[in-house]
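For reference, the structure discussed in these notes is given below.
If you read the sequence from its start, that first residue is 1, and numbering goes on from there.
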Amino acid sequence: MCSDINSVHNSDVTTPKNKNDRRLYHGDNLGLMREQIKDESVDLVYLDPPFNSGQDYNIPFKDQKGEKDAAQIKAFEDTWHWGDDDEGILATLPAQHPELGRWLKLTVELLGKNDMSAYLTMMAVRLLEIHRSLKPSGSMYLHCDVTASHYLKAMCDIIFGDANFMNEIVWKGADAHNDARYRYAAVNDRILFYAKKREGYYFEPQHTEFPVKTLREWYLYLELPDGTTRRMTRAEIDSQEIPDGARRFNTDNLRSPSPRPNLTYDYKGYKPHPNGWAVSMERMKELDEAGLLLFPRSKDGRIMRKKYLDESKGPVMSDTWTDISQLRGHDIERLGYPTQKPVALLERIIKASCPESGIVMDPFCGCGTAVVAAEALSRHWIGMDITHLAVGLIKSRLKRDFALGKGDFLEDGVPTTIEAAQYLFDLDPYDFQYWTLGEIGARPYGASSGSKKGKKGGDGGIDGELFFMRPDGQDVERAIVSVKGGKNLTAGMVRDLVGTMTKHSAAMGIFICLAKPTAGVLKEATLAGVYEYGGKTYPKVQIMTVEDILAGKQPQVPEGSINVTHVNKKVTSRSKQQESSTMKTLF
């Protein structure tokens with residue numbers, strides 16, 4: 001820690017205790033930060049904004065066995081285009097921050113009013129809000145790639161002050177690419193680390209494991225269970241395997257680095273180095289009584305101190321991170337989101353730069369890795385995203401991993417009334433669908449967005465899925481979810497769901513509707529029968545209204561249900577951001 005900051009942090013709280021300690025917002029993060037985040041109230045901001053790579057990501061959904069489903073969803077269009085909003089920011093920013101305004105104006109003049117300029121304009125106003133929100137002891141980690149990292153660093157130097165730049169962390173998350181034929185393989189991301197104020201910011205150094213080379217060359221001794229010590233054999237060094245109960249240690253000399261006449265004394269007949277010992281006589285006795293001294297056979301030798309491997313924190317973490325890999329297809333935590341970061345990466349950042357029970361904010365939280373890591377480490381958190389699918393995904397992860405449900409965290413920007421739900425459906429049927437799926441912890445099965453919005457196909461009548469283990473624990477069952485936002489409900493819709501369940505060997509079906517179900521719909525669901533599980537029976541087809549969902553009701557599925565695979569959609573279109581202010585009045 002760089003200084004004592006207990007005075008600026010509430011040390012009474014050790015774990016989140018109420019829903020205000022956990023906040024999840026749907027909407028444009030610029031407006032949300034301005035409206036919801038107080039000055040100097042956040043300990044750590046991590047953000048992983050879209051990189052303006054110009055890619056349209058398509059995510060193939062995977063079932064519980066890792067097989068691809070037929071449907072795909074365009075996750076997000078990672079592109080920004082110059083528009084009226086950018087013109088407005090360019091005109092007004094100099095009044096808000098003269099130096100940043102001048103820099104942005106010159107940069108736009110040099111680059112032209114293109115996609116990169118639009119991206120930098122978007123980031124400029126948001127970084128100002130992030131800086132405002134940080135406590136004096138706070139810091140920011142801006143995750144980016146080389147596409148725009150140099151522009152972003154110049155921008156952050158202006159906003160935070162170049163004296164508050166701490167590190168440019170290089171994260172090697174990927175392996176070399178086979179298709180790098182015309183240049184060196186690009187395998188690194190950049191993480192720009194800034195303190196709000198260099199004096200007094202919170203930082204707890206992190207440690208990594210010793211390299212194998214260090215272990216082979218330095219930690220060469222064993223303390224056996226009977227108290228005797230010996231040097232490791234060549235076979236043990238090569239295999240890195242030691243006997244049960246043995247402790248591996250290194251030796252460290254006890255000579256003073258400079259002449260210390262007051263520390264020149266004999267100890268048990270052993271002479272000190274001409275500079276003297278590194279410790280006092282009292283400390284030498286304490287080390288001896290603790291069994292931490294190694295005495296040579298000859299009195300002419302030097303006493304050495306034991307340094308146990310299992311007590312060492314390891315080398316201090318540098319600004320080059322190579323020990324955390326990007327997520328791969330077989331990783332359990334992988335959700336199918338194309339830019340998902342591993343939880344271990346966020347845990348390292350949070351441990352280093354957010355005190356216990358401090359507040360972590362991620363204004364581009366996407367699939368929610370920062371939120372999940374913060375919750376796991378008992379930090380308070382604030383997550384923001386512009387899509388209902390992302391918010392629903394995060395809620396599903398919180399429910400699955402921490403048993404957190406409605407009432408355990410503050411949620412804002414989502415429907416809370418039938419009128420708001422109807423408005424969302426009228427505005428965007430797919431966002432309505434994603435919202436309802438998230439409310440019950442289901443994963444979306446397939447849809448399309450962007451230029452193809454409104455043309456749905458390839459999902460076979462499946463909007464979402466819930467999974468639960470079979471009684472034998474060897475495989476999983478699934479419940480198919482069908483979402484209907486229209487007013488004309490018919491019994492045929494339920495029959496179609498039953499047919500889809502049969503076709504896909506689904507155990508159960510969930511029929512969600514915005515309108516009140518007719519008697520024919522209810523009768524058809526009853527005719528589907530029941531599903532037996534562990535001596536209990538469940539309606540094979542369950543009718544749930546949006547009113548039920550708003551009241552906090554959940555599908556009747558066997559206890560211990562799981563929701564392992566999710567996907568996330570991240571949309572960065574300006575029209576979505578502009579919608580948020582209108583939706584705010586209803587939600």
Rounded distance (nearest 0.5 Å) linking atom [atom1] of [X] with atom [atom2] of [Y]:
X: Gln36; Y: Ser133; atom1: CD; atom2: OG; result: 13.0 Å
X: Asn29; Y: Ile382; atom1: CG; atom2: CD1; result: 12.5 Å
X: Ile386; Y: Leu30; atom1: CD1; atom2: CG; result: 10.0 Å
X: His143; Y: Leu152; atom1: NE2; atom2: CG; result: 12.0 Å
X: Glu286; Y: Leu293; atom1: CD; atom2: CG; result: 11.0 Å
X: Leu345; Y: Thr369; atom1: CG; atom2: OG1; result: 9.0 Å

Point to revise | Cationic tip of Lys153 above Phe165 ring, under 6.0 Å, 45° of axis | key: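 Yes, a cation-pi geometry.
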Is the side chain of [X] donor-acceptor paired with the backbone N or O of [Y] at a distance under 3.5 Å, no angle test?
X: Arg190; Y: Val146; result: no
X: Tyr265; Y: Ser280; result: yes
X: Asp226; Y: Thr228; result: yes
X: Glu40; Y: Lys38; result: no
X: Trp381; Y: Ser378; result: no

Hey, are the side chains of [X] and [Y] touching, using non-hydrogen atoms and a 4.5 Å cut-off?
X: Met166; Y: Arg198; result: yes
X: Asp323; Y: Arg348; result: yes
X: Ile37; Y: Arg23; result: yes
X: Val170; Y: Thr322; result: no
X: Pro363; Y: Arg126; result: no
X: Leu100; Y: Met155; result: yes
X: Phe160; Y: Leu134; result: yes
X: Asn253; Y: Arg302; result: no

Review point. Does the salt bridge (charged side-chain N to carboxylate O under 4.0 Å, His left out) test come out yes or no for Arg22 and Asp408, once each step is laid out?
Key: CA-CA 8 Å; Arg22 309 173 175 105; Asp408 293 319; 5.4 Å; no
Exercise for review: Starting from the C-alpha separation in whole Å, work towards a yes-or-no answer on salt bridge (charged side-chain N to carboxylate O under 4.0 Å, His left out) for Arg132 and Glu129.
Suggested key: CA-CA 5 Å; Arg132 175 190 61 78; Glu129 294 304 318; 2.8 Å; yes
Point to revise | CA sep, side-chain torsions, deciding dist, call: Asn164, Tyr201, side chain to side chain donor-acceptor pair (under 3.5 Å) | key: CA-CA 10 Å; Asn164 295 316; Tyr201 75 98; over 6 Å; no
Check your understanding: Does Lys271 pair with Asp266 as a salt bridge, N-O distance under 4.0 Å?
Key -> yes
Check your understanding: Can we say Asp43 and Lys135 salt-bridge, meaning some charged N sits less than 4.0 Å from an Asp/Glu carboxylate O?
Key ->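 Looking at Lys135 together with Asp43, the answer is yes, because their closest N to O distance falls below 4.0 Å.
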Please determine whether the number of non-hydrogen atoms from other residues, nucleotides or ligands lying under 6.0 Å from atom [atom1] of [X] exceeds 12.
X: Asp244; atom1: CG; answer: no
X: Glu209; atom1: CD; answer: no
X: Lys299; atom1: NZ; answer: yes

**Study point:** salt bridge (charged side-chain N to carboxylate O under 4.0 Å, His left out) assessment of Arg379 paired with Asp21
**Key:** CA-CA 8 Å; Arg379 270 64 169 181; Asp21 297 329; over 6 Å; no
Review point. Salt bridge (charged side-chain N to carboxylate O under 4.0 Å, His left out) between Glu236 and Arg248: does it pass, once the steps are laid out?
Key: CA-CA 11 Å; Glu236 289 169 337; Arg248 194 170 179 175; over 6 Å; no
Closest non-hydrogen atom pair between [X] and [Y], with its separation:
X: Asp385; Y: Ala390; result: OD1-CB, 3.2 Å
X: Ile394; Y: Cys365; result: CD1-SG, 3.3 Å
X: His380; Y: Ala374; result: O-CB, 4.5 Å
X: Gly438; Y: Ser396; result: O-OG, 4.2 Å
X: Met123; Y: Phe364; result: SD-CZ, 4.5 Å
X: Leu142; Y: Cys156; result: CD2-SG, 3.9 Å

Exercise for review: Start with the C-alpha gap between Arg230 and Thr233, add the side-chain angles, then the distance that decides, and say whether side-chain contact (heavy atoms from CB on, under 4.5 Å) holds.
Suggested key: CA-CA 9 Å; Arg230 67 170 174 84; Thr233 67; 3.8 Å; yes
Practice item. Dump the intermediate steps for side-chain contact (heavy atoms from CB on, under 4.5 Å) on Met140 and His131, then the final yes or no. Key: CA-CA 8 Å; Met140 177 195 73; His131 182 266; over 6 Å; no
Exercise for review: Can you spot which of Tyr308, Phe249, Phe210 makes a ring pair (Phe, Tyr, Trp, His ring centres under 6.0 Å) with Tyr219?
Suggested key: Phe210
Exercise for review: Please say which of Phe203, Tyr46, Phe193, Tyr194 ends up in a ring pair (Phe, Tyr, Trp, His ring centres under 6.0 Å) with Tyr141.
Suggested key: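 Output: one option passes, namely Phe193.
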Check your understanding: When you look at Trp277 and Arg283, which way does the side-chain contact (heavy atoms from CB on, under 4.5 Å) test go after all the steps?
Key -> CA-CA 11 Å; Trp277 300 105; Arg283 179 57 178 157; over 6 Å; no
Practice item. Would you check, one step at a time, whether the test side-chain contact (heavy atoms from CB on, under 4.5 Å) holds for Phe295 with Asp288? Key: CA-CA 10 Å; Phe295 295 92; Asp288 192 3; 3.7 Å; yes
